[in-house]
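Encoded as structure tokens, the structure appears first; notes follow it.
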Amino acid sequence: MMPMPTWIYTSSDVYFLFEDWETKTVGPLILGCFISFLMALLHPFLTSLKSSLIQNHSISVCDSDEESLIEISKVKPSLKPKMMITLITGVQYTLASIIMLLMMTYNLWVFLAIVFGYSLGYFLFISATDYSGQDKGVH
């Protein structure tokens with residue numbers, strides 16, 4: 001068992017989450033990086049999906065006096081959308097924890113795969129209309 005490094009390294013000798021998933025050659029490292037990339041790509045997708053579910057199950061009312069939009073939750077939200085949002089949140093937190101552990105391998109290639117996955121996911125799934133410059137609490 002190799003000791004865990006505390007610096008960024010580029011070797012193909014990486015432990016991906018478990019001792020049994022140790023890479024010694026470039027092929028398994030590329031596979032591990034690809035899986036890391038897909039996991040990072042999935043996180044922004046789940047954020048966008050959860051945001052759209054939340055938006056679809058609320059209504060907006062225009063206050064004519066102040067000319068502002070007031071968002072009001074439906075009086076009786078159905079259980080199914082609430083369960084879906086809860087499930088997506090659980091998957092998001094699990095995925096974020098696994099990605100954090102992958103980042104802690106300190107391997108440059110794993111790090112870059114995760115950064116590119118998040119970046120591409122943000123580009124593909126987070127639209128300009130979803131982004132207001134403020135945290136909406138849906139991450």
Side-chain angles (χ1 to χ4, degrees):
M1 180 176 181
M2 74 172 196
M4 293 300 295
T6 56
W7 61 89
I8 302 287
Y9 69 100
T10 58
S11 169
S12 63
D13 196 7
V14 180
Y15 285 108
F16 281 95
L17 302 176
F18 307 105
E19 277 187 41
D20 293 338
W21 191 8
E22 179 183 9
T23 63
K24 295 280 188 189
T25 60
V26 175
L29 175 65
I30 291 172
L31 177 64
C33 287
F34 182 70
I35 292 170
S36 301
F37 172 82
L38 291 178
M39 290 172 65
L41 185 71
L42 181 63
H43 196 266
F45 170 74
L46 292 173
T47 300
S48 176
L49 180 64
K50 187 167 98 174
S51 177
S52 68
L53 280 173
I54 290 170
Q55 288 174 0
N56 289 341
H57 295 285
S58 63
I59 56 174
S60 296
V61 177
C62 182
D63 186 359
S64 60
D65 294 337
E66 298 176 10
E67 296 182 17
S68 63
L69 287 176
I70 303 169
E71 193 168 299
I72 301 172
S73 296
K74 289 184 178 178
V75 177
K76 292 185 179 182
S78 66
L79 186 61
K80 187 176 179 180
K82 195 170 188 175
M83 291 297 290
M84 287 296 297
I85 292 168
T86 303
L87 178 67
I88 291 170
T89 302
V91 171
Q92 273 186 298
Y93 285 132
T94 302
L95 194 59
S97 298
I98 291 171
I99 291 170
M100 178 205 55
L101 291 172
L102 287 168
M103 291 290 272
M104 290 174 60
T105 63
Y106 291 105
N107 186 281
L108 177 66
W109 311 120
V110 176
F111 175 80
L112 290 175
I114 291 170
V115 168
F116 288 142
Y118 267 120
S119 298
L120 183 62
Y122 184 85
F123 178 78
L124 294 175
F125 304 118
I126 308 295
S127 70
T129 57
D130 290 342
Y131 182 69
S132 66
Q134 297 175 352
D135 183 14
K136 293 183 177 184
V138 293
H139 296 197

Next item on the list: Applying ring pair (Phe, Tyr, Trp, His ring centres under 6.0 Å), name anything that partners Phe37, two or more places apart in sequence or on another chain.
Entry: none

Notebook entry, point to check: Hey, does the side chain of Thr89 reach the backbone of Ile85 with a donor-acceptor pair shorter than 3.5 angstrom?
Noted result: yes

Next item on the list: Mark yes or no for whether Asn107, through its side chain, and Ser11, through its backbone, hold a donor-acceptor pair below 3.5 Å.
Entry: yes

Once you round to the nearest 0.5 Å, how far does [atom1] of [X] lie from [atom2] of [Y]?
{"X": "Cys33", "Y": "Leu38", "atom1": "SG", "atom2": "CG", "value": "11.5 Å"}
{"X": "Lys82", "Y": "Leu87", "atom1": "NZ", "atom2": "CG", "value": "15.0 Å"}
{"X": "Met84", "Y": "Ile54", "atom1": "CE", "atom2": "CD1", "value": "12.0 Å"}
{"X": "Leu41", "Y": "Leu124", "atom1": "CG", "atom2": "CG", "value": "6.5 Å"}

According to side-chain contact (heavy atoms from CB on, under 4.5 Å), who are the partners of [X], at least two apart in sequence or on a separate chain?
{"X": "Leu42", "answer": "Phe45, Leu46, Leu95"}
{"X": "Phe111", "answer": "Met103, Val115"}
{"X": "Thr10", "answer": "Leu108, Trp109"}
{"X": "Leu17", "answer": "Ile98, Leu101, Leu102"}

Test item: [X] and [Y] side chains (from C-beta on) under 4.5 Å apart, heavy atoms:
{"X": "Phe125", "Y": "Leu49", "value": "no"}
{"X": "Val14", "Y": "Tyr9", "value": "yes"}
{"X": "Ile99", "Y": "Tyr118", "value": "yes"}
{"X": "Ser36", "Y": "Phe16", "value": "yes"}

Notebook entry, point to check: Would you say Met83 has more than 12 foreign heavy atoms packed within less than 6.0 Å of its CE?
Noted result: no

Checklist line | side chain to side chain donor-acceptor pair (under 3.5 Å) partners for Ser12, two or more places apart | finding: none

Next item on the list: Answer with yes or no whether the hydrophobic clustering places Val110 together with Val26; edges join I, L, V, M, F, W, Y residues whose side-chain heavy atoms lie under 4.5 Å apart.
Entry: no

Next item on the list: Sorted by first residue and then second, give each salt bridge (Lys or Arg N to Asp or Glu O under 4.0 Å) pair with at least one member in residues 85-105; sequence neighbours left out.
Entry: none

Item checked: Pairwise salt bridge (Lys or Arg N to Asp or Glu O under 4.0 Å) hits with a residue in residues 24-48, at least two apart -> Asp13-Lys24, Glu22-Lys24

